[in-house]
Amino acid sequence: MNKQRNDASFSHILDELKWRGLVALSTDEEALRKELSENSITYYCGFDPTAPSLHLGNLVQLLTMRRLQLAGHNPLALVGGATGLIGDPKPNAERTLNDKATVSEWVSRLADQTERFLDYQGPNAARLVNNLDWTQNYSALDFLRDVGKHYRVGKMLAKDAVSARLNSDSGISYTEFSYQILQGLDFLELNRRYNCVLQTGGSDQWGNLTSGTDLIHRVEGSSVHLIATPLITNSDGKKFGKSEGNAIWLDVELTSPYAMYQFWLNTDDADVIDRLKVFTFLPRAEIEQYQQKVEAEPFKREAQRRLALEVTELVHSHAEAIAAQDAAMALFGAGDIRSLDAKTLRSALNELPNAEVSKGSLVVDALLATGLCESKSDARRAIEQGGVSVNKTKIDSESAVLDDVLPGNQAVLARGKKSLAGLFF
RNA sequence: GGCUAGUUACCCAAGUGGCCAAAGGGAACUGACUGUAAAUCAGCUGGCUCAGCCUUCGGGGGUUCGAAUCCCUCACUAGCCA
């Protein structure tokens, strides 16, 4: 974290955020610019506990917060102990409620995770807040009188998140409809408690973001600010942040450093420069050099390698990033895996999903044990399609057994080109 | 509270008594070509002790030799009426 800094070639933090493509929408830009340059302001961004870990979408917000912190402003990381119990309206369908114990467990996990990305020490240290603190003892009657009275239903219905659901055939519950009020209340409360005057968030949350500025304007008569980051999208139109259909999590238990590294390494040429801007602290000059490299010699994939190393280090650690990189080189490198020494191979395999197996057992069972395949049918299908190999030798029979053991009592099992696993005998 | 329409696999969606493990599209996965990229083409996507068997079409019950399909009931969703 000590190495992180903003690019000094930008005279204003807002210019850097814009160059990095982090500003999709904002409230009055001139006023915001003035506020940011004249004062050390307090700002916040909320994270709802909808899962046991934050994911890459949240990382965009965390890094945006960090950049503002590096510019001398004071972050409030808000965990949604209350809003997580309600759930913001997703475009397609109503959420199923998670029980309170689960949400509370997730809140503490997310809170811990924010510590890796924001500095909780020093002169403009980050502070952690939980919206359950000001909502759990709020009576429904007081809430309706004090807060509800400031909301007009017509305006609430007009918000994208709500109207999309009203026009869908799944409808929307009063619970999710009310979400925007809770988020508005958060901003008001933080404005009163900490003089918080800026909220950041994803542009898909714009309706919920403006809920707060509107409420503060009505109640306090003051104008506060918003920055909405764009939704990160892939140039091929696919959803960002998923690998083989699974989300990329920041929690090491859910997504290994190796998987994280691989995810970034596989970034499209068309997207890699945008990703470097958003997900790393590399300065503009350096990123522009990578841009030239992508154009001149894309097959070297230098930008992807750097991106993978930087983000893996950011989320995990330097040592783990290097280990992931070494594993990738060992397993995908030009050399024959048979020429690797046992120790190097072992450490690479430890980065992968792996399993204990016995010599002579079925390859199908190994595919299942390592999690490379979900069922035996799946495993047989994969073999039939020619997608399975052991130690880079294709398996051509469903009844094949494990008989090729590398030095150190280990083997490399592969499904397709990129899904690898370690086998230990 | 009443009426009407609906609930099908990861998502959308067809199927309205046997030819249904269930069309089509999206998405994922595998192969070819590549650079662990994109695009394109091809294959493939319930499970198992795999020429066979088992479980699945909102839940439960029933009719029938046979039900995703018909009947009853419950739950949920939408629209209209009150």
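Chain letters run A, B, ... following the sequence lines, proteins first and then strands; every chain starts at 1.
If you check distances only, the side chain of A:K417 does reach the base of B:rU34 with a donor-acceptor pair under 3.5 Å. Within 3.5 Å, a donor on the side chain of A:Q385 pairs with an acceptor on the base of B:rG43, or the reverse.
Residue A:D269 is in base contact, counting any heavy-atom pair closer than 4.0 Å across all strands shown. When heavy atoms are screened at a 4.0 angstrom cut-off, A:Q262 is found touching base atoms of the nucleic acid. Across all strands shown, A:S377 has heavy atoms under 4.0 Å from base atoms, whether or not it also approaches the sugar-phosphate. Within 4.0 Å of A:N266, counting heavy atoms only, lies at least one base atom of the nucleic acid.
Classified by interplanar angle (parallel below 30°, tilted 30° to 60°, perpendicular above 60°), the ring pair A:H73/A:Y43 is perpendicular.
Pair check for B:rA78 finds B:rU4; Watson-Crick or G-U wobble, both atom distances under 3.5 Å. Remark: B:rA32 base-pairs with B:rU40. Criterion, Watson-Crick or G-U wobble with two distances under 3.5 Å. Remark: B:rC53 base-pairs with B:rG47; criterion is Watson-Crick or G-U wobble with both hydrogen-bond distances under 3.5 Å.
For the segment residues 295-304 of chain A, the set of residues with a heavy atom within less than 4.0 Å of an atom of RNA chain B comprises A:P298, A:F299, A:R301, A:Q304, in numerical order.
One finds a salt bridge joining A:E286 and A:R306 here, because a Lys/Arg side-chain nitrogen approaches an Asp/Glu carboxylate oxygen to under 4.0 Å.
Remark: P of B:rA28 and CZ of A:F240 are 15 Å apart, rounded to the nearest angstrom. Between A:Y290 atom OH and B:rA37 atom C1' there is a gap of 17 Å when expressed in whole angstrom units.
A:I273 has its side chain within reach of A:Y290: a pair of non-hydrogen atoms, C-beta onward, lies under 4.5 Å apart.
When atom types are taken as modelled, the side chain of A:Q410 and the backbone of A:P407 share a donor-acceptor pair closer than 3.5 angstrom.
For residues 268-288 of chain A, the pairs satisfying ring-ring contact (aromatic ring centres under 6.0 Å, His included) are A:F240-A:F279, A:W264-A:F279, with sequence neighbours left out.
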